[in-house]
Amino acid sequence: MSEDRNLDAAERALGLDPKGFESADDAALTAAWEERLAPLAEQLEPVEPPEGLWTRIEAAIAPSNLSADVVELAAYKKRATTWRTIAAFATAAAAAMALFIFVPTSTVAPTPEAQKYVAVVTHDQNGQAGLIIEIEPSTGRATVIPVTAPPTGQSYEMWTIPTGETAPVSLGLLPQNAVARTNFVADVDQIFAISLEPAGGSPTGQPTQPLYHGRVVRVD
C-alpha cells in the first residue's frame, strides 16, 4: 500500500477531494479514515458558519489572489518519508479544521498571540488518534482532548519528552473528558505519548507499554 494512496484516502475523508471515483480498495481506505477521524468531531458542538463565508473563501482562493508561497500538495507528498508523518499530518489537519475555520484576509504572518500549536497523538500501528492537545503559547493554556479509552482494569497515562531531553515526563492519567490546563509549555516538534499502564498509572515512573506518539505542530 503506497503512502500516496493513504494520504489521498485521508483527504477524501476530510472532504478535501471528491468521492465516487475511487476503486473498491480506495473506497475502503476512505471509509477506514472516516471511522478513524470520527471521534474528533464528537468533541465539538455544531456551529452555523457566518453569513457570506463561502463568498469570502471563493474570493480568497481565486487564482489572482494566490501568492508564490502556496505549496502544491504533490510537492508535500514527495517530501513525506514515512507513513507516521503522513498520518500525524492528516490527523492534525483534521483537528485543526474541526477546532476552527480560518479565512485568510491578507498575506501578513500571524502575530505570536494568534499562533496555536496542536499535538495529535496517534497509535503507532494503526494511526488512530488517541489524544489531541491544542496549545496557546502566548497564554500557556492547553486544551487536552482524549479520543480513546483504556481497556477495563487498566489506565492510559500521558507523557512528554521536552525538547532537548531524553527521559519521558508523566503528565498524569489520560482524562475521560476534555480538560483545560494552564501554565502549559510546549515547543514545536516536542513529543507527546500515551502508554498502557496498570490501573492508577505507571508503577515505575516510566512508561510501561507506550502505544501512541505524536509531535507538536504549529497551526497559523
Side-chain angles (χ1 to χ4, degrees), residues 1 3 6-7 9-15 28-46 82-100 116-136 141-162 168-182 184 186 188-217 219:
M1 184 186 303
E3 296 174 352
N6 273 301
L7 182 56
E11 289 167 356
R12 290 192 297 272
L14 292 170
L29 285 176
T30 302
W33 264 106
E34 290 174 339
E35 182 177 354
R36 186 177 302 157
L37 298 174
L40 302 177
E42 295 175 0
Q43 307 292 332
L44 304 167
E45 294 293 333
T82 64
W83 162 238
R84 184 177 297 172
T85 300
I86 295 173
F89 177 85
T91 315
M97 290 174 62
L99 290 168
F100 63 91
K116 289 187 178 181
Y117 293 168
V118 172
V120 180
V121 184
T122 59
H123 197 285
D124 294 344
Q125 294 184 357
N126 60 30
Q128 182 175 2
L131 169 67
I132 302 166
I133 305 175
E134 184 192 17
I135 307 157
E136 298 177 0
R141 179 182 173 87
T143 303
V144 179
I145 305 172
V147 190
T148 189
T152 302
Q154 295 180 287
S155 297
Y156 277 141
E157 189 163 351
M158 301 181 296
W159 305 83
T160 187
I161 303 178
V169 176
S170 176
L171 298 175
L173 299 183
L174 185 72
Q176 294 183 347
N177 301 300
V179 297
R181 292 197 172 189
T182 57
F184 196 96
V188 172
D189 285 336
Q190 183 169 328
I191 297 173
F192 287 86
I194 303 173
S195 65
L196 182 62
E197 303 291 344
S202 170
T204 65
Q206 290 297 302
T208 300
Q209 185 180 356
L211 298 177
Y212 297 75
H213 292 84
R215 292 180 182 270
V216 174
V217 297
V219 181

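Just so we're clear, the structure is a prediction, and the values are computed from it rather than from any experiment. One is the number of the first residue; the rest follow in order along the sequence.
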Enquirer: What residues, two or more places apart in sequence or in another chain, satisfy side-chain hydrogen bond (donor to acceptor under 3.5 Å, both in side chains) together with Ser195?
Expert: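 For Ser195 the side-chain hydrogen bond (donor to acceptor under 3.5 Å, both in side chains) partners, ignoring immediate neighbours, are Trp159, Glu197.
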
Enquirer: Taking atom CG of Asn177 and atom CD1 of Ile145, what is their separation to the nearest 0.5 Å?
Expert: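 If we round to the nearest 0.5 Å, Asn177:CG and Ile145:CD1 are 11.0 Å apart.
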
Enquirer: What heavy-atom pair brings Tyr117 and Ala186 nearest, and what distance separates the two atoms?
Expert: CE1-O, 3.5 Å

Enquirer: How long is the straight-line distance from CD1 of Ile135 back to CD of Gln190, given to the nearest 0.5 Å?
Expert: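 Taking CD in Gln190 and CD1 in Ile135, the distance rounds to 7.5 Å.
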
Enquirer: Rounded at 0.5 Å granularity, tell me how far CD1 in Ile191 sits from OG1 in Thr160.
Expert: 8.0 Å

Enquirer: Would you please classify the geometry between the Phe184 ring and the Phe192 ring as parallel, tilted or perpendicular, with 30° and 60° separating the classes?
Expert: parallel

Enquirer: Rounded to the nearest 0.5 Å, what separates atom CD in Glu136 from atom OG1 in Thr143?
Expert: 6.5 Å

Enquirer: Is a side-chain N or O of Ser155 found less than 3.5 angstrom from the main chain of Gly200, in a donor-acceptor match?
Expert: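 Between the backbone of Gly200 and the side chain of Ser155 there is a qualifying donor-acceptor contact (under 3.5 Å).
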
Enquirer: Nearest 0.5 Å please: distance from the OG1 atom of Thr122 over to the CZ atom of Arg215.
Expert: 11.5 Å

Enquirer: Report, one line per pair, each donor and acceptor closer than 3.5 Å where one atom sits in a side chain of residues 168-176; sequence neighbours left out.
Expert:
residue	atom	partner	partner atom	Å
Ser170	OG	Glu157	OE2	2.6
Ser170	OG	Gly172	N	3.2

Enquirer: Determine whether Leu131 and Tyr156 make a side-chain contact, defined as any pair of heavy atoms from C-beta on separated by less than 4.5 Å.
Expert: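 Of all side-chain heavy-atom pairs linking Tyr156 with Leu131, none is under 4.5 Å.
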
Enquirer: Can you confirm whether Asp124 sits close enough to Pro210 that some side-chain heavy atom of one is under 4.5 Å from a side-chain heavy atom of the other?
Expert: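 No - every pair of side-chain heavy atoms lies 4.5 Å or more apart.
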
Enquirer: What's the shortest heavy-atom distance between Trp33 and Ala9, and which atoms?
Expert: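 Between these two residues, the closest heavy atoms are CD1-CB, 3.8 Å.
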
Enquirer: Can you find a pair of side-chain heavy atoms, one from Met158 and one from Val121, that are under 4.5 Å apart?
Expert: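 The answer is no, as the side chains (C-beta and beyond) never meet within the 4.5 Å cut-off.
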
